[in-house]
Structures are given as C-alpha cells and as structure tokens.
Amino acid sequence: MGLDVPIVNAPMGGAAGGALAAAVSRAGALGMIGMGSSATAAQLRNELTHVSGLERPYGIGLVHWVMSAQPDLFEAALAARPALLAVSFGGEWSWVERAHDAGVPVAAQVADATAGRRAADAGVDVLVARGAEGGGHGEPRLGTLPLLAEVLDEVSIPVLAAGGIGSGRGLAAALAAGASGVWLGTAFAACTEAATPAGVRDLLLAAPADATVTTRLFDVAQEYPWPTTIPERVLRNEFVDRFEGHERAIDDETKAALAAAVVAQDFRVAPVNAGQGVGMVRAVCSAAQVVERLHTDGERLLRRWGQPDQ
Ligand SMILES: Cc1cc2nc3c(=O)[nH]c(=O)nc-3n(C[C@H](O)[C@H](O)[C@H](O)COP(=O)(O)O)c2cc1C
C-alpha cells in the first residue's frame, strides 16, 4: 500500500472520522474511517469529504451486523474505492468477493486461529489479530501476543496486531513477533483530529491502565444486536458499577436514562470505549505526533535487539 509506517488506525465509530483518517494517512500510516453501531451511508459520505483529494491511501471500517442491516452502507464504502475495507465481527464472508469484484482489498478482525483460518480461506487479504486487551467491541478470547502467535502460525497472509498497543514497545514487540503492522484504537482516540468529545478526551487522559472493564451492559441497555460473544471494553463508570452482575435489572427507565446520558454526553453513565493501553494516553497530540513517536521509539528498540527477517 506504499505506507511509510506499519501503523493503521482502527476504525472507531464516533472517534475515527474522515479527519482522523486523513491525518493518519498524511503521516505515512493508514488512516481508517470507522462506521460503528449507529452508522448510516449518509454519515459515511459526509466523513469521506475529509479524504477527497487525499493523495495517500486510506481505508474504511464497517461492523458486519450494521452493514447487513444497511446494504447501502456497504455500497457507499465500495463506491469510495478505499485502499482497504475492513468488516469486523461477522462470520459470514459473501461480502469479500463483492469487494474484490470492485477491486477493493479487505481486512477482518479475528479473535482466534480458527477464525483466522476461516477468514483467510474466504479470501480476506489482511487479518487483524485483536487481543482481549483491546478497546471497544471484540471477542475477548486471548491476549494480543498469544493470539498473534497463533494466527501467524495458522495463515500466510499479512497479520496486524491489535489490542493494548500504545507505544513503541508494543509496536516493536508485534513486528518482532512477525506482524506486518499494528492496528491502534485507544492510542489515537484522544488525538486532536479524532471526533472524540472533549469530556471523553479528559477521561482518557486521566485513566490508569486498569480503569477498563469488558461488558455487554451498554449494548443490552441500548438494544444493539451485538452477538453475545462480543462485549466491549470500556472505562468503568457509575453505570457499570450499578448494573454489573445485574443485567436483568435494566428496565425501560434505565434504557431511557442511558439514551439521555448519551445525548447529554454524561460519561458517568454513557459508555467510553478504551483498551488497556489507556494508561499510555497522557496528552492530546496530533495523529502525526502519535505516529512519529511510535515509529521512532519502535525502530530504536528493533535496532537495539536486531530486526528479524520479515
Ligand atoms: C473508541 C473506540 C471505538 C471503536 N469502534 C470500533 C468500530 O466502530 N468498529 C470496529 O471494527 N472496531 C472498533 N473498535 C475496536 C478497534 O477496531 C480495535 O479492535 C481496538 O481499538 C484495538 O485495541 P486498542 O484500543 O487497545 O488499540 C473501537 C475501539 C475504540 C477504542
């Protein structure tokens, strides 16, 4: 893809819009526009205005159940001819051939070696081995390093490492293990170009590494049809403290209160997606600064220990 840096920003609904994708791609990495649980084709077209005229490759990321419910979202993504189309969190692969017919290479996040094999057999071009440390939705089956090793042993296509990577150390470890690059969510979520609300930025900056929890509570309360095997990693807040272990106590009043908190951006109640790398988010930086810091630190570490054959 002609990237200068083996870094991809994870497509993050509500955080990774066209502005972040454009900034990441301009920095020599691959920027991805993320379309999350509440995405529409109109929103995607709006975000795409930020990358029109961009002379660098960029990608688009969709969520499988959202795309299945809205075929025009998939069509809008293909029509943009991204350098990479990622469709995450589905076990059905008919979209791969349709993307290839349109000349668009595809990626998918996987949580174990069997899923990696299935995706590779279905023609997926790039796998994202997404470990349990990761922010947002994902199947928390294995930690990033053991998952990466399993998937790399299973397939011969490029594999990106994801989950808890937020420093040059994480980049160097993933590359040394054989990954083709890293897929970073939390590390980019507080960037100046991210669509992240100011209140979320403050929480990300203040949160220590152990501030996150994996839960389905918000999906249940928002009536999102996420598969039960795919919870999300969020910052622990009052809503989690109140309903953890008491999912059945979520009634209509609770659902209405959560919906109001989302609109009011009251993050004592509304969810904030973040991974275990959140402790490394210590300042609001530009995407270019994040890319530069990880790249420089990662290269220095790899030089120190000897870069393995790729
Ligand atoms: C704020 C946020 C929003 C996310 N939204 C999406 C999304 O819309 N689609 C998706 O495929 N993954 C989404 N993810 C998950 C990422 O693709 C990726 O698995 C994760 O960020 C990697 O872990 P990290 O956050 O520790 O870097 C999101 C992650 C975060 C932190």
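In listed order, ligands and their atoms are each counted from 1.
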With rounding to the nearest 0.5 angstrom, report the CD1 to OG1 distance, Ile250 to Thr254.
6.5 Å

Tell me: protein heavy atom nearest atom 22 (C) of ligand 1, and distance?
Gly163 N, 3.8 Å

Is a side-chain N or O of Arg233 found less than 3.5 angstrom from the main chain of Ala274, in a donor-acceptor match?
no

Hits for salt bridge (Lys or Arg N to Asp or Glu O under 4.0 Å) against Asp112, two or more places apart or cross-chain, chain-then-number order -> Arg141

Under 4.0 Å from ligand 1, counting heavy atoms only, is it the side chain of Ala189, its backbone, both or neither?
neither

Return the residue, atom name and 0.1 Å-rounded distance of the protein heavy atom closest to atom 16 (C) of ligand 1.
Ala10 CB, 3.6 Å

Is it true that Phe89 lies under 4.0 Å from ligand 1, counting heavy atoms only?
yes

Under 4.0 Å from a heavy atom of Leu184: give me the atoms of ligand 1 that qualify, with their elements.
27 (O)

Please say whether more than 12 non-hydrogen atoms of neighbouring residues, nucleotides or ligands are located less than 6.0 Å from CZ in Arg118.
no

Can you tell me if Gly61 has a non-hydrogen atom under 4.0 Å from ligand 1?
no

Salt bridge or not for Arg117 and Asp121, using N-O below 4.0 Å?
yes

The protein heavy atom nearest to atom 10 (C) of ligand 1 is Pro11 O, 3.3 Å

Can an N or O of Arg130 be found at a distance shorter than 3.5 Å from an N or O of ligand 1?
yes

Per-atom contacts of ligand 1 with Ser88, taking only distances under 4.0 Å to non-hydrogen atoms
11 (O)

With atoms numbered from 1 as shown, which atoms in ligand 1 lie under 4.0 angstrom from a non-hydrogen atom of Gly13?
5 (N), 6 (C), 7 (C), 8 (O)

Mutual orientation of the aromatic rings belonging to Trp65 and Trp226 [parallel < 30°, tilted 30-60°, perpendicular > 60°]
perpendicular

I'd like to check which ligand 1 atoms, numbered from 1 as shown, lie under 4.0 Å from a non-hydrogen atom of Val63.
9 (N)

Pick one: which of Arg300, Glu299, Glu292 meets side chain to side chain donor-acceptor pair (under 3.5 Å) with Thr296?
Glu292

Nearest non-hydrogen protein atom, atom 27 (O) of ligand 1
Gly185 N, 2.8 Å

If you have a sec, work out which protein heavy atom is nearest atom 11 (O) of ligand 1 and how many Å separate them, to one decimal?
Gln109 NE2, 3.1 Å

Give me the residue, atom name and distance of the protein heavy atom closest to atom 1 (C) of ligand 1.
Asn273 CB, 3.4 Å

Looking only at protein heavy atoms, which one is nearest to atom 25 (O) of ligand 1, and how far off is it?
Thr186 OG1, 2.6 Å

Met12-ligand 1 polar pair, N/O distance under 3.5 Å:
no

So, for Gly18 and Glu47, which heavy atoms are closest and what is the spacing to 0.1 Å?
N-OE1, 2.8 Å

Enumerated ligand 1 atoms positioned under 4.0 Å from heavy atoms of Gly164
24 (P), 26 (O)

For a side chain to side chain contact (heavy atoms under 4.5 Å, CB included) check, start with the C-alpha distance between Val126 and Leu160, then their side-chain angles and the critical distance, and finish with the verdict.
CA-CA 7 Å; Val126 180; Leu160 305 175; 3.9 Å; yes

Pairs involving residues 71-85, ordered by first then second residue, that meet salt bridge (charged side-chain N to carboxylate O under 4.0 Å, His left out) (sequence neighbours left out)
Glu75-Arg98

Nearest heavy-atom approach of Asp4 to Arg56 is OD2-NH2, 3.6 Å

Gly277 heavy atom under 4.0 Å from ligand 1:
no

N/O of Gly135 under 3.5 Å from N/O of ligand 1, yes or no?
yes

Tell me, which protein residue and heavy-atom name are nearest atom 18 (C) of ligand 1, and how many Å apart are they?
Trp183 NE1, 3.6 Å

I'd like to know if Asp297 pairs up with Arg169 as an ion pair, taking the criterion as any Lys NZ or Arg NE/NH1/NH2 lying under 4.0 Å from an Asp or Glu carboxylate oxygen.
no

Verify the neighbour count for atom CZ of Arg242: are there more than 12 heavy atoms of other residues, nucleotides or ligands below 6.0 Å?
no

Counting from 1, what ligand 1 atoms have a heavy atom of Gly36 closer than 4.0 Å?
8 (O)

